[in-house]
Amino acid sequence: MSSYSEDDAFEAASIPLSQRAMAARPMPYLDGLNPAQREAVEKLDGPVLMLAGAGTGKTKALTTRIAHLLVSGTAQPNEILAVTFTNKAAREMKNRVSKLMQMPLEGMPWLGTFHAIGVKLLRRHAEMVGLKSNFTILDTDDQIRLLKQLLAAANIDDKRWPARMLSGIIDNWKNRALTPENVPVADSSAFDGKAVDLYAQYQRRMLELNACDFGDLLLHIVTIFQKNPDVLAQYQRWFKYILVDEYQDTNVAQYMWLRLLAGGHKNICCVGDDDQSIYGWRGAEVGNILRFEKDFPGAHVVRLEQNYRSTEHILGAASGVIAANAGRLGKTLFTEAKGGEKVRLIGHWDGEEEARWIGEEAESMQMGTRGLDPMSLDDMAILVRASHQMRSFEDRFLTIGLPYRVIGGPRFYERMEIRDAMAYFRLAVSPTDDLAFERIVNTPKRGLGDKAQQKIQTMARSNGVSLLEGARLVVETKGIGGKGGAELAKLVDGLTRWAAMIRDPQTSHIEAAEIILDDSGYTTHWQNDKTPEAPGRLENLKELVKALEQFENLQGFLEHVSLIMDNESEAEEPKISIMTLHAAKGLEFPAVFLPGWEDGLFPSQRSMDESGLKGLEEERRLAYVGITRAEAICTISFAANRRVYGQWQSAMPSRFIDELPEDHVDVLTPPGLYGGGYGAAGMTGSTLHEEAASANVYNSPGWKRLQSRSGQRGMSQPAEAKNMTIDMTATSSFTAGDRIFHGKFGYGTVMGIEGDKLDIEFDKAGSKKVVAKFVVAADMADDVPF
DNA sequence: CCGAGATGTCGGTCG
DNA sequence: GACATCTCGG
């Protein structure tokens with residue numbers, strides 16, 4: 001171990017209490033635990049699987065376990081490996097452990113996200129996979145740009161095979177811990193069979209650039225461990241105790257990583273909930289958690305089943321839905337909180353009405369109606385399936401002036417201006433960062449277009465130097481004339497000065513950053529920009545400079561920033577939160593709205609098309625996650641009509657609604673003012689009505705009233721009604737040879753039918769496959785309000 | 001090289 | 001409907 005002694009992580013514990021003193025200390029933190037939690041905390045040795053249902057005090061058990069390991073003197077802080085998925089979870093764990101220990105917790109170097117710990121390990125052993133320890137971490141943008149270059153070089157049409165898709169495929173392989181050599185033959189048909197080859201090229205190129213992507217942070221470590229048993233053995237010895245949060249979300253690479261490390265002491269404690277596995281599309285394997293007892297023989301399984309979050313009705317509704325899934329490990333959640341409100345269910349005519357209703361409901365809850373206490377907007381959340389659903393709420397809340405916050409938009413460090421600025425910093429710190437160079441050569445516009453950039457590329461390549469050096473040579477040889485040439489000379493010159501300035505101890509890194517942004521013309525670029533978002537961008541740049549204060553130098557800043565992508569906004573006035581169901585995992589709110597429960601939207605059609613029953617079950621778990629976010633009031637809603645990509649579509653209530661146990665649900669009568677709400681689907685006496693009616697199992701008076709209102713719908717949406725009629729005639733009623741009309745492509749003839757898509761030979765636009773509902777019979781074309 | 005207009009695309013999301 | 005990317009004319 002001596003070879004790593006320069007790193008605090010392997011030095012003696014920094015907790016200033018002697019072990020003996022700690023062992024003698026009372027353990028008051030154990031008192032607040034229920035029997036199951038206590039078992040999970042005290043069973044320290046051997047593999048432990050903690051099955052923790054929603055709201056059962058999982059984090060409490062996990063953090064108490066860490067505290068217990070430390071206080072009992074069983075392990076030193078730096079001998080514990082504790083992994084989470086998000087920075088937020090890592091931060092919270094750190095805070096709660098130090099609270100339990102009643103002291104600041106500095107000495108846990110191995111508590112962090114998979115990626116943060118991966119970086120730490122990889123910096124130590126970079127040379128084993130051909131990197132230098134100061135490698136850079138590419139963000140998604142850089143990755144795509146790199147792949148685009150490779151595709152261009154390989155002469156692959158990036159229309160047919162977009163770089164994004166390749167990046168997805170490579171990510172997938174990396175999630176499964178597959179290096180280019182290991183990719184199964186069956187997987188390699190994409191990209192004209194060149195996908196694996198491109199993957200290999202990509203990896204080679206990254207080594208040349210001394211860079212790696214997020215997937216590599218895990219993949220490289222697995223490779224290192226597999227090829228160097230001695231290195232692995234060191235870590236196996238060192239990490240006496242391993243804890244893993246959200247185990248159901250681990251992918252194959254993470255799983256292998258964990259199994260390798262746990263191979264020594266075998267003291268691994270995984271916490272998870274198979275019912276909350278919602279990241280299958282990102283490579284997570286529910287199988288990991290289902291298989292735990294097989295992987296770790298003699299594993300001790302603890303179930304946390306007492307829920308401290310929600311009322312019995314909310315819990316009952318959630319349990320009813322999730323019960324429809326097969327292959328669960330099975331938990332029976334219970335609560336001592338009896339009574340409370342039933343889950344409320346309401347249908348609406350369309351998405352706008354749904355937004356209107358939720359807005360009013362939020363306001364009245366804020367005032368405190370129905371005998372309930374007034375509630376802060378901070379305590380309410382709207383959880384949607386897909387982010388495009390957010391817009392109708394934002395629109396509505398802006399009109400009525402209801403304060404809201406959207407969680408999970410583009411994060412601070414993903415914004416364009418921040419990335420540009422960072423690229424300038426990167427290039428000033430390491431002049432060989434070609435990707436950074438490409439990003440900023442012509443930002444702001446310097447008159448250096450494709451041609452000029454190609455010249456620089458050629459120059460760099462033929463001399464075997466970095467792009468910046470290449471640019472210097474181009475300038476010296478006057479390879480580019482005119483304005484572009486002069487601007488390039490200025491840029492090269494500037495970078496030389498900035499690099500010197502950063503090394504100069506006289507100039508603080510904060511000043512240096514400001515000078516770089518000003519000198520390069522980047523600040524001016526946004527000052528001259530007249531678009532409405534320009535002031536905000538300048539503001540962000542200021543914030544970026546401010547963030548530098550927490551670091552000693554630019555290098556240190558760049559080092560950390562690639563892994564810390566979240567921006568905590570300071571608490572302002574109370575606001576209702578809008579976010580996706582995915583983003584809501586791990587959060588809780590007294591009141592939760594779950595809009596858009598319609599088949600096709602939720603469960604998402606795409607998910608079911610791609611993954612069949614598995615996809616449906618994941619959607620169901622998403623429903624479970626949604627309902628269990630609510631503490632006291634949970635409101636589920638759906639709309640009969642919704643505008644999707646500018647087209648009106650009608651839908652049936654989600655099948656998950658049928659799965660809600662009747663005893664726990666209250667069907668609300670629509671407010672009436674807007675006339676009829678959901679029942680309006682029956683306006684033309686079409687089959688839609690019967691289908692919709694049979695799609696639910698409710699017979700409550702409220703529900704029947706809801707149904708009987710059909711036909712009373714107001715006159716507010718004539719266009720939609722028209723479109724709906726057209727939609728319904730359009731679905732599947734075509735045969736080959738029919739003349740049709742399409743809003744965009746004009747007239748054409750149906751050549752064939754594939755599922756819901758039509759193969760159409762358009763008179764002007766050629767042959768295309770089009771979803772049937774966007775097409776009408778040619779003789780009805782006049783009725784179409786396109 | 002640039003900007004305007006046309007065209008194509010559209011899940012969820014953590015590092 | 002919104003946004004990124006492409007095409008074309010200046």
Side-chain angles (χ1 to χ4, degrees), chain A residues 83-90 112-119 137-141 143-144 148 158-159 162-165 168 171 174-175 212-219 245-246 249-251 253-254 277-284 351 383-392 394-395 407-411 413-414 416 442 444-453 480 482-484 487 560-566 579-586 600-611 615 618-619 621-622 625-626 642-648 744-745 765 768 771:
Chain A
V83 267
T84 64
F85 275 84
T86 63
N87 287 310
K88 202 170 147 210
T113 61
F114 274 102
H115 293 89
I117 292 171
V119 178
I137 301 165
L138 301 190
D139 57 39
T140 332
D141 251 28
Q143 215 178 331
I144 299 287
K148 271 193 182 148
D158 97 332
K159 284 246 179 57
R164 288 211 157 278
M165 184 195 273
D171 258 8
K174 288 189 174 175
N175 285 340
C212 66
D213 62 23
F214 288 120
D216 287 334
L217 296 179
L218 286 164
L219 184 58
D245 194 14
E246 306 279 13
D249 288 339
T250 48
N251 60 36
Q254 288 157 341
S277 162
I278 54 175
Y279 285 108
W281 52 274
R282 206 168 74 186
L383 313 183
V384 298
R385 174 63 185 87
S387 54
H388 61 74
Q389 289 172 261
M390 294 180 179
R391 234 205 59 214
S392 58
E394 293 194 57
D395 284 353
I407 306 221
R411 285 174 290 279
Y413 289 108
E414 282 174 1
M416 181 200 339
N442 205 27
K445 299 269 181 278
R446 294 192 171 87
L448 297 163
D450 281 352
K451 259 202 157 154
Q453 292 188 38
I480 298 173
K483 180 170 168 278
E487 287 285 330
H560 281 82
V561 113
S562 49
L563 285 176
I564 305 165
M565 304 283 272
D566 50 11
M579 70 189 92
T580 62
L581 286 161
H582 285 91
K585 191 163 77 146
L601 180 59
F602 187 46
S604 131
Q605 191 58 51
R606 185 163 166 186
S607 182
M608 293 186 294
D609 289 348
E610 280 172 12
S611 318
E618 182 154 316
E619 296 286 311
R621 291 192 291 267
L622 213 39
V625 167
R642 203 174 280 284
R643 203 173 6 206
V644 186
Y645 301 137
Q647 299 280 337
W648 283 94
K744 203 166 229 166
F745 305 127
K768 291 197 190 317
V771 179

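Just the heavy atoms: all of them, side chains too, but no hydrogens, waters or symmetry mates, feed the values below. Quick note on labels: first sequence line is chain A, next is B, and so on, each numbered from 1.
As judged by a 4.0 angstrom heavy-atom cut-off over every strand, Thr113(A) is placed among residues touching the sugar-phosphate backbone only. As judged by a 4.0 angstrom heavy-atom cut-off over every strand, Phe114(A) is placed among residues making no nucleic acid contact. Within the nucleic acid shown, Ser387(A) comes within 4.0 Å of sugar-phosphate atoms alone, with no base atom in reach, counting heavy atoms only.
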- Message: The test is side-chain contact (heavy atoms from CB on, under 4.5 Å); show your working for Asn442(A) and Gln453(A) and say whether it passes.
- Response: CA-CA 9 Å; Asn442(A) 205 27; Gln453(A) 292 188 38; 4.0 Å; yes
- Step by step, would you call Glu618(A) with Arg621(A) a salt bridge (charged side-chain N to carboxylate O under 4.0 Å, His left out)? CA-CA 5 Å; Glu618(A) 182 154 316; Arg621(A) 291 192 291 267; 3.6 Å; yes
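Asp609(A) and Gln605(A) are linked by a side-chain donor-acceptor pair at a separation below 3.5 angstrom, with hydrogens and angles left out of the test.
With the nearest nucleotide of DNA chain B identified for both Arg385(A) and Asn175(A), Arg385(A) has the one nearer the 5' end.
Listed candidates were dC14(B), dG11(B), dT5(C). Nearest to the side chain of Thr86(A) is dC14(B). For Tyr279(A), the side-chain atoms get nearest to dT13(B) when compared with the rest of dG1(C), dT13(B), dG15(B). For Arg391(A), taking side-chain heavy atoms from C-beta onward, the closest of the listed nucleotides dG11(B), dT13(B), dA2(C) is dA2(C).
In this structure, CD1 of Ile278(A) is placed 12 Å from C1' of dC14(B), rounded to the nearest angstrom. Atom CG of Asp171(A) is separated from atom P of dT13(B) by 16 Å (rounded to the nearest Å). Here the C1' atom of nucleotide dC10(B) and the CZ atom of Arg164(A) are 12 Å apart, to the nearest Å. Regarding Glu610(A), its CD atom lies at a distance of 11 Å from the C1' atom of dG12(B), rounded to whole Å. Going from atom CG of Asp141(A) over to atom P of dG15(B) covers 17 Å, rounded to whole Å. Remark: C1' of dC14(B) and CG of Asp245(A) are 13 Å apart, rounded to the nearest angstrom. When rounded to the nearest whole Å, the span between CG of Asp213(A) and P of dG15(B) equals 16 Å. Going from atom CE of Met579(A) over to atom P of dC14(B) covers 11 Å, rounded to whole Å.
Annotation: salt bridge (charged side-chain N to carboxylate O under 4.0 Å, His left out) contacts of Glu487(A) (sequence neighbours excluded): none. Among residues two or more places apart in sequence or in another chain, the side chain to side chain donor-acceptor pair (under 3.5 Å) test is passed with Asp213(A) by Lys174(A), Tyr202(A). Taking Asn251(A) as the reference, Asn175(A), Ala253(A), Gln254(A) meet the side chain to side chain contact (heavy atoms under 4.5 Å, CB included) condition, with sequence neighbours excluded. With sequence neighbours excluded, no residue forms a salt bridge (charged side-chain N to carboxylate O under 4.0 Å, His left out) with Arg164(A).
Dashed line: the shortest gap from a side-chain N or O of Asn87(A) to OP1 or OP2 of dC14(B) is not under 4.0 Å.
Panel note: side chain Gln647(A), backbone Arg643(A); no donor-acceptor pair is recorded below 3.5 Å.
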- So what does the secondary structure string of DNA chain B come out as, 5' to 3', with Watson-Crick or wobble pairs under 3.5 angstrom, [ ] for crossing and | for pairs with another strand? ||||||||||.....
Provide a list of protein-nucleic acid N or O atom pairs under 3.5 angstrom, restricted to nucleotides 1-7 of chain B.
from: dC1(B); atom 1: OP1; to: Gly449(A); atom 2: N; distance (Å): 2.4

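In the interface, the side chain of Trp281(A) is paired with the base of dG12(B) through a donor and an acceptor atom under 3.5 Å apart.
Between Arg282(A) and Asp249(A) there is no salt bridge, since none of the side-chain N atoms of the basic residue sits less than 4.0 Å from a carboxylate O of the acidic one.
Under the 30°/60° scheme for interplanar angles, the aromatic rings of Trp281(A) and His582(A) are found to stand perpendicular.
Residue Tyr645(A) and nucleotide dC10(B) are classified as a stacked aromatic pair, their ring centres being separated by less than 5.5 Å at an interplanar angle below 30°.
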